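Below is one structure; the comments refer to it alone.
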Amino acid sequence: MTLTDLQQKLKDRIRVAASEIFGVELDQLNVDQPPKPELGDLAFPVSFELAKLVKQKTGEKQNPRVIAEQLKARLEDVDEVERVEIAGAGYINVFFDRARLLSLIARPELTGRGPAEDERPKKMVEHTSINPNKAAHIGHVRNAVLGDTFVRILQAAGDRVEVQNYIDNTGVQVADVVIGFIHLQKMDLDQIKALDALLTKDYPFDYYCWDLYTKVGLFYRDGNPSGDISPAQAKLRSDVLHAIEAGDNPVAELADYVATRNVECILDTMERLGIRYDLLARESDILHLHFWERAFELMKQTGVIRYETEGRHAGCWVMPFESHTGTDEHESDKIIVRSNGTVTYTGKDIAYQLWKLGRLGLDFHYNVFRTYRDGHVLWVTTTDAEAETRAGVDRPHFGGGVTVYNVIDSRQSYPQDIVARGVAAVVPEIGDDASVHFSYEMVALSPAACEELGIELSDEDRARPYIEMSGRKGLGVKADDLINQLEAGALAEVEKRNPELADSDKKATAHEVAVAALRYFLLKFTRNTVIAFDFKEALSFEGETGPYCQYAAVRTNSIFRKLGRETVHEADSLLESLAQDAEAQQRVAEVLAGERGTEIWSLLMLTQQLDDVIVQCRKSAEPANLAKYTFSLARTFSRFYHDHRILTEKDVVRRAVLIAVTKVVRARLTAALGILGINVPDQM
RNA sequence: GCAGGCGUAGCUCAGUUGGAUAGAGCGUCUGACUUCGAAUCAGAAGGUCGCAGGUUCGAGCCCUGCCGCCUGUACCA
């Protein structure tokens, strides 16, 4: 029996009682937590609701407190319930039998649940999807960390998940860097390869491209970063772009090398943070395998788009958009195919989305991109039908998801909405819910952070709350730079605290601490909060941070290291025998009673909320809830740790209780951190 | 104009489908280390939840109207 089951049992009792006593059916039944643990373990505000329903039904006005009194006896019957109190204007507060529940909770957890792997509906999560033309910055990392954590949440909740990273290898951003190599650096593919081979770890290929991309931005604008692109350069860009899209020519070959190398660098960055993928879906393959043409047919057949013969959009295929009315300045219809016959980005996105949902009727070919150290294989799409047989590895089936989550920043909400509607219109049976825009706000730079980066600001910018990062302007904090800085800071701390450790262990620990700091920093804000990046805050290891949570978990481990097996065994068997030993049960109840006992008890209750939090995070798609919960568990444990000595505790029963609670905390805290993508080192 | 988001302590942010005395962290001030590790803990100060109405037993949360900020609203990708 878990706490969730117990809650359900109590809810059922209340429903039955409401029906029998008042003749009223409750469709919704809320459970709260009392503001203080002294007020009970669960609170039902149901009496207020009942008073309303009874009044509606009979016209008779009832006092919520009187109603509560009538329900009280029904709940007190339950074995796990010690007593029930009526509080305030009519809250029903339930107090559990603490000793009894402790022995239930302290039992080793049963593993294994849910149906077999392939029977579960598949959820698709697309995240990261960085333009492969430069290094990743912290804004990209927010995307990846949010996506990766959500994947872990879904998996923890028992879902089957497929993780995709979309590679826009034929877009203008790649074209821009290609122009930089060809026209600014005057390099051909062989020279680029030679350069790449010479680049060091401190300044890798994606860093080189980062700087080159900025130069191209200036080149386009004749040296003025905020100027317009000159017509001659625009022509250059468009020619290169077309060559890349067409494929099978030297420019496309060069572009493919550049894009692929950047993807490799970005994947390396992400792996430092524990982020991995199942499939890289490349735009070039979507193009060359004619996904769009198929989608176009489907959209025409279903009447989702229509051909305009007159007006401003004459010659275009448009998708009517009735939700907002157009004004003189702004159109209400979205153009999918331009009058010159080319498809817009939105059109291509609809095709890809249809494939993800298994509704396109076409598939990619696949190749192995890399194999992670633990054997997990990352696949990449290809047009080469033979690639897979050459790979000689079993491939999972890709695509065909029931729900698709696209982790894309909130500025894309308009086009994302159109994609979702377009898809839903083509295949009405799957509905709008199948496409979820997992949106988040950007990471911007605080004015202070800009100054630290040595970026000059205009007076206008200085007055703003934050400054948007820009790859084109080279304005941003590179992910690897920040991770390096975090690792250096953590290493200094580790060296101070654990001088006896081997250098490799120190570095490994510092790495785990750095990952914890960065991931937690990006997860503690809710998705629709703009993060104004601040170095001091991001580099902090104190207070509400990842390392704080880690530290609490490390402490639980060090307690067990020092306790010795016998003592732990003794504690385990004492709690196991509770059901048969009335005297021991009485003693445990005493330990858990009173002010000190309540502190221990409320910590134990908090550990039991993890499953509910996971379920809630899956539903709300909000990883910040889990981050907040994890911090609060770590904080509550830290307090418990200071208030209760375990190693020196002489009272055997009391020590057994403390050990049992610490054990449960260790398991839950480690699990919660794991879902956040944070590991617990042996020491730190 | 329209659409979406935001406005909560000095600063940065949480706040579940409306519930009990609005919470954290940072910063400030005061305490606690021959320690189960102080990356910690305890205490203090700090609030007209943007403004004004409304709905109800009850509103930071729902409704209406204002004010302010942000982002979208391309035959760019």
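All values below come from the heavy atoms of this structure, side chains included, with hydrogens, waters and symmetry mates left out. Chain naming here is simple, since letters A, B, ... match the order of the sequence lines and numbering starts at 1 in each. Computed from a predicted structure; not experimentally measured.
- The residue A:E441 sits apart from the nucleic acid: no heavy atom pair falls under 4.0 Å.
- Rounding to whole angstrom units, CZ of residue A:F640 and P of B:rA42 are separated by 14 Å.
- Within the 4.5 Å cutoff, the side chain of A:V337 has no heavy atoms near those of the A:Y307 side chain.
- Note on A:V318: nothing from the nucleic acid sits closer than 4.0 angstrom, heavy atoms only.
- Atoms CG and CG, on A:D505 and A:D682 in that order, are 8.0 Å from each other to the nearest 0.5 Å.
- We find that A:E493 and A:K496 are joined by a salt bridge, their nearest charged nitrogen and carboxylate oxygen being less than 4.0 Å apart.
- Counting only N and O atoms by type, the side chains of A:N406 and A:Q353 include a donor and acceptor under 3.5 Å apart.
- Listed candidates were B:rG72, B:rG37, B:rG25. Nearest to the side chain of A:R411 is B:rG72.
- Within 4.0 Å (heavy atoms only), A:R561 reaches no atom of the nucleic acid at all.
- Contact annotation: A:R555 side-chain N/O to B:rA38 OP1/OP2 distance is under 4.0 Å.
- Atom P of B:rA14 sits at a distance of 25 Å from the matching atom of B:rA52, rounded to the whole Å.
- Within the nucleic acid shown, A:A43 comes within 4.0 Å of at least one base atom, counting heavy atoms only.
- Using a 4.0 Å cut-off, some side-chain N or O of A:R639 falls inside it from OP1 or OP2 of B:rA42.
- Residue A:D349 is out of contact with every strand shown, counting any heavy-atom pair closer than 4.0 Å.
- In this structure, A:D168 and A:H644 both approach RNA chain B, and ranking their closest nucleotides by distance from the 5' end singles out A:H644.
- Using modelled atom types, no side-chain atom of A:T529 and backbone atom of A:F525 make a donor-acceptor pair closer than 3.5 Å.
- Within the nucleic acid shown, A:S638 comes within 4.0 Å of sugar-phosphate atoms alone, with no base atom in reach, counting heavy atoms only.
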Counting primed atoms plus P, OP1 and OP2 as sugar-phosphate and everything else as base, spell out the protein contacts along nucleotides 11-19 of chain B at 4.0 Å heavy-atom distance: B, S or - for each nucleotide, 5' to 3'. -SSSSBB-B
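- Comparing the same atom, P, in B:rC41 and in B:rA24 gives a spacing of 12 Å after rounding to whole Å.
- Considering only the side chain of A:E542, B:rU40 comes nearest among B:rG27, B:rU40, B:rC75.
- Nucleotide B:rA44 is matched to B:rU28 when pairs are restricted to Watson-Crick or G-U wobble geometry with both distances under 3.5 angstrom.
- Using cut-offs of 30° and 60° for the angle between ring planes, the A:Y548 and A:F631 rings count as tilted.
- One interatomic measurement links the two molecules: CD of A:Q412 to C1' of B:rU71, which rounds to 11 Å at whole-angstrom precision.
- Taking the C1' atom of each, B:rA9 and B:rG4 are spaced 29 Å apart, rounded to whole Å.
- In this structure, A:R527 forms a cation-pi arrangement with A:F438, its terminal cationic atom sitting closer than 6.0 Å to the ring centre and no more than 45° off the ring axis.
- Nearest nucleotide to the A:P35 side chain, out of B:rU40, B:rA24, B:rA20: B:rA20.
- In this structure, OH of A:Y548 is placed 14 Å from C1' of B:rC26, rounded to the nearest angstrom.
- Residues A:G171 and A:K55 both approach RNA chain B. Their nearest nucleotides, taken by heavy-atom distance, put A:K55 toward the 5′ side.
- Checking B:rC41, B:rA77, B:rA20 against the side-chain heavy atoms of A:Y345 singles out B:rA77 as nearest.
- Here A:S410 does not reach the OP1 or OP2 of B:rG5: none of its side-chain N or O atoms lies under 4.0 Å away.
- The A:E283 side chain lies nearest to B:rA77 when the options are B:rA77, B:rC41, B:rU71.
- One interatomic measurement links the two molecules: OH of A:Y414 to C1' of B:rG72, which rounds to 10 Å at whole-angstrom precision.
- Using a 4.0 Å heavy-atom distance criterion, A:A87 is classed as a base contact.
- With respect to A:E441 and A:R411, no salt bridge is recorded, no charged nitrogen being found less than 4.0 Å from a carboxylate O.
- Summarising the geometry, the separation between CD on A:E308 and C1' on B:rC75 is reported as 12 Å, rounded to the nearest angstrom.
- Between B:rC63 and B:rG7, the distance separating the two P atoms is 15 Å to the nearest Å.
- Using a 30° and 60° split on the angle between ring planes, A:F535 and A:F533 fall in the perpendicular class, above 60°.
- In this structure, CD1 of A:I336 is placed 12 Å from P of B:rA74, rounded to the nearest angstrom.
- Between A:Y352 and A:Y166, the distance from one ring center to the other falls under 6.0 angstrom.
- Rounded to a whole angstrom, the distance from the C1' atom of B:rC49 to that of B:rC62 is 16 Å.
- B:rG15 and B:rG58: their P atoms are spaced 26 Å apart (whole Å).
- Within 4.0 Å of A:N93, counting heavy atoms only, lies at least one base atom of the nucleic acid.
- Note on A:R338: a side-chain N or O is less than 4.0 Å away from OP1 or OP2 of B:rC76.
- For the pair A:R65 and B:rC57, the criterion of a side-chain N or O lying under 4.0 Å from OP1 or OP2 is not met.
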